[in-house]
Amino acid sequence: MRLIACTIILSLTLLLTSLPLFANWVNIASSLRTATVPIYCSLHDRITCTAFSIDQEKGHYITTAHCLHPVDGDDSDLPLIDQQTLEILFESAHFDIAVIKITTQRPALTIQPLPLQQGMHVATLGYANGRSVPSLRTSVVSKLDMTPDEVPFVGFDNALVGGMSGGPIVDRSGKVVGIATRSDTQAGYSLTIQLIYEHTKQFWAQ
């Protein structure tokens, strides 16, 4: 009986201590939804990726470069947002980031240029598995590493799924600390926010 009582108390303690964090993510998810848009594959008529606003007035959005070329060598496969074609302002296949422009104006997310730390709580929002409503996935920074060609990246302890590429990765204040770029069976990955901002800072709202 004593073991059962201790288990119940521990469970309730964990639940109560996690409620403020959960409520915070719910509020952040609401603001993120107003800033993100799905990218459609016109050839297959389905959502394939995510983009988010970085300058509302100018209609600038950031996403991953591979989202703009879902079928290599097929120019008929045009990515669309709100049934509009995209103007590519910047694209780097090497870093897998791109800035695009459309007429849809959504509130811009702000950037958090401070270095991430292992154990830091973050979340990403995207159109998982091509669903029409975006979903939020919470995570923890699990590693800071370099690619073989010395590109710094960040690993998260929650694998991303198809459709979330290009989505914002944010801290507990809702500021952007990364962009969902790729994943494996165990983790999701992003370039460091310093590298992302270095290449795209001229497109962010000041």
Side-chain angles (χ1 to χ4, degrees), residues 22 24-54 60-71 77 79-82 86 91-93 95-100 102 104 106-112 116 120-143 145 147 151 153-172 174-193 195-197 200:
F22 177 78
N24 184 59
W25 286 131
V26 169
N27 293 332
I28 288 175
S30 178
S31 65
L32 292 182
R33 289 190 185 100
T34 65
T36 58
V37 290
I39 296 180
Y40 288 87
C41 167
S42 61
L43 189 63
H44 299 97
D45 191 29
R46 60 183 175 87
I47 296 173
T48 57
C49 285
T50 304
F52 62 94
S53 173
I54 57 176
H60 292 171
Y61 292 74
I62 194 167
T63 186
T64 51
H66 75 260
C67 289
L68 305 180
H69 308 284
V71 180
D77 191 11
L80 303 173
I81 291 179
D82 293 339
L86 316 174
E91 181 178 11
S92 171
F95 294 116
D96 197 16
I97 52 175
V99 176
I100 58 179
I102 59 175
T104 299
R106 287 176 174 264
L109 297 180
T110 56
I111 196 169
Q112 176 62 277
L116 296 177
M120 180 177 175
H121 289 270
V122 296
T124 184
L125 185 133
Y127 292 83
N129 297 313
R131 298 191 189 102
S132 59
V133 177
S135 59
L136 185 86
R137 300 184 71 163
T138 60
S139 186
V140 173
V141 177
S142 57
K143 61 181 175 180
D145 211 337
T147 65
V151 175
F153 71 91
V154 182
F156 305 91
D157 70 351
N158 194 346
L160 305 173
V161 297
M164 300 191 79
S165 290
I169 297 172
V170 300
D171 62 12
R172 291 173 63 178
K175 293 183 178 179
V176 179
V177 296
I179 180 172
T181 54
R182 61 185 177 87
S183 68
D184 53 31
T185 57
Q186 296 181 332
Y189 300 95
S190 168
L191 297 173
T192 63
I193 194 61
L195 191 151
I196 293 171
Y197 188 62
T200 63

**Q** Quick check with a 6.0 Å cut-off and a 45 degree axis cone: is R182 positioned over the face of F153's six-membered ring?
**A**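 Positive - R182 is close enough to the ring of F153 and near enough to its axis.
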**Q** Heavy-atom distance under 4.5 Å between the side chains of L125 and R33, does that happen here?
**A**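 L125 vs R33: side chains touch.
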**Q** Please determine which of T181, L86, I100, I39 meets the side-chain contact (heavy atoms from CB on, under 4.5 Å) test together with C67.
**A**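 Among T181, L86, I100, I39, the one meeting side-chain contact (heavy atoms from CB on, under 4.5 Å) with C67 is I39.
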**Q** Under the side chain to side chain contact (heavy atoms under 4.5 Å, CB included) rule, what do I196 and F95 come out as? Steps first, then yes or no, please.
**A** CA-CA 8 Å; I196 293 171; F95 294 116; over 6 Å; no
**Q** Measure the shortest side-chain to side-chain distance between S53 and T104 over non-hydrogen atoms and say whether it is less than 4.5 angstrom.
**A**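 Not touching, per the 4.5 Å side-chain cut-off.
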**Q** Let me know which of L32, V170, T124 forms a side-chain contact (heavy atoms from CB on, under 4.5 Å) with L136.
**A**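 Of all the options given, the one that passes is L32.
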**Q** For the atom pair CG (D157) and OG (S142), what is the distance rounded to the nearest 0.5 Å?
**A**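 Here the rounded value is 5.5 Å.
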**Q** Output the distance between atom NE2 (H66) and atom CD1 (I97), rounded to the nearest 0.5 Å.
**A**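 H66 NE2 to I97 CD1: 13.0 Å, rounded to 0.5 Å.
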**Q** Can you measure from CD1 (I179) to OG (S165) and round to the nearest 0.5 angstrom?
**A**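 Output value for this atom pair is 8.5 Å.
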**Q** Might you point out which heavy atoms bring V176 and P168 nearest each other, and give the distance in Å?
**A**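 Looks like CG2-CB, 4.5 Å.
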**Q** Give me the one residue out of V141, V154, V140 that meets side-chain contact (heavy atoms from CB on, under 4.5 Å) with M120.
**A**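 Looking at V141, V154, V140, the match for M120 under the side-chain contact (heavy atoms from CB on, under 4.5 Å) is V141.
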**Q** Say you draw a straight line from OG of S31 to CG of L109; how long is it, rounded to the nearest 0.5 Å?
**A**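 Rounded to the nearest 0.5 Å, the OG-CG separation comes out at 7.0 Å.
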**Q** Any non-hydrogen side-chain atom of R137 less than 4.5 Å from a side-chain atom of F156?
**A**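 Result no, sub-4.5 Å side-chain heavy-atom pair not found.
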**Q** Can Y127 and T36 be said to form a side chain to side chain contact (heavy atoms under 4.5 Å, CB included), step by step?
**A** CA-CA 9 Å; Y127 292 83; T36 58; 4.1 Å; yes
**Q** Determine the minimum heavy-atom distance between T50 and G163, stating which atoms define it.
**A**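 Nearest heavy atoms, T50 then G163: OG1-O, 2.7 Å.
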**Q** Look up atom OG1 in T48 and atom CG in N129, then write down how far apart they are to the nearest 0.5 Å.
**A**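 These two atoms lie 12.5 Å from each other.
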**Q** Output yes when a side-chain donor or acceptor of D184 lies under 3.5 Å from a complementary backbone atom of Q186, and no otherwise.
**A**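 Between the backbone of Q186 and the side chain of D184 there is a qualifying donor-acceptor contact (under 3.5 Å).
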**Q** Provide the closest heavy-atom pair for A180 versus L160 in the form atom of the first, atom of the second, distance.
**A**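 It is CB-CD1, 3.3 Å.
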**Q** Return the CD to CD1 distance between Q112 and I169, rounded to the nearest 0.5 Å.
**A**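 If I round to the nearest 0.5 Å, the distance is 14.0 Å.
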**Q** Specify the closest pair of heavy atoms between N24 and R172, including all atoms of both residues, with the distance to one decimal.
**A**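 In this case the closest contact between N24 and R172 is ND2-O, 2.9 Å.
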**Q** Taking all atoms of both residues into account, what is the closest heavy-atom pair of T63 and G166, and its distance?
**A**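 It is OG1-CA, 3.6 Å.
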**Q** Measure across P107 and T34 and return the closest heavy-atom pair with its distance rounded to 0.1 Å.
**A**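 Smallest interatomic distance, heavy atoms only, reads CD-O, 3.5 Å.
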**Q** Please report the C-alpha distance between L116 and T192 in whole Å, then the side-chain angles of each, then the deciding distance to 0.1 Å, and finally whether the side chain to side chain contact (heavy atoms under 4.5 Å, CB included) criterion is met.
**A** CA-CA 8 Å; L116 296 177; T192 63; over 6 Å; no
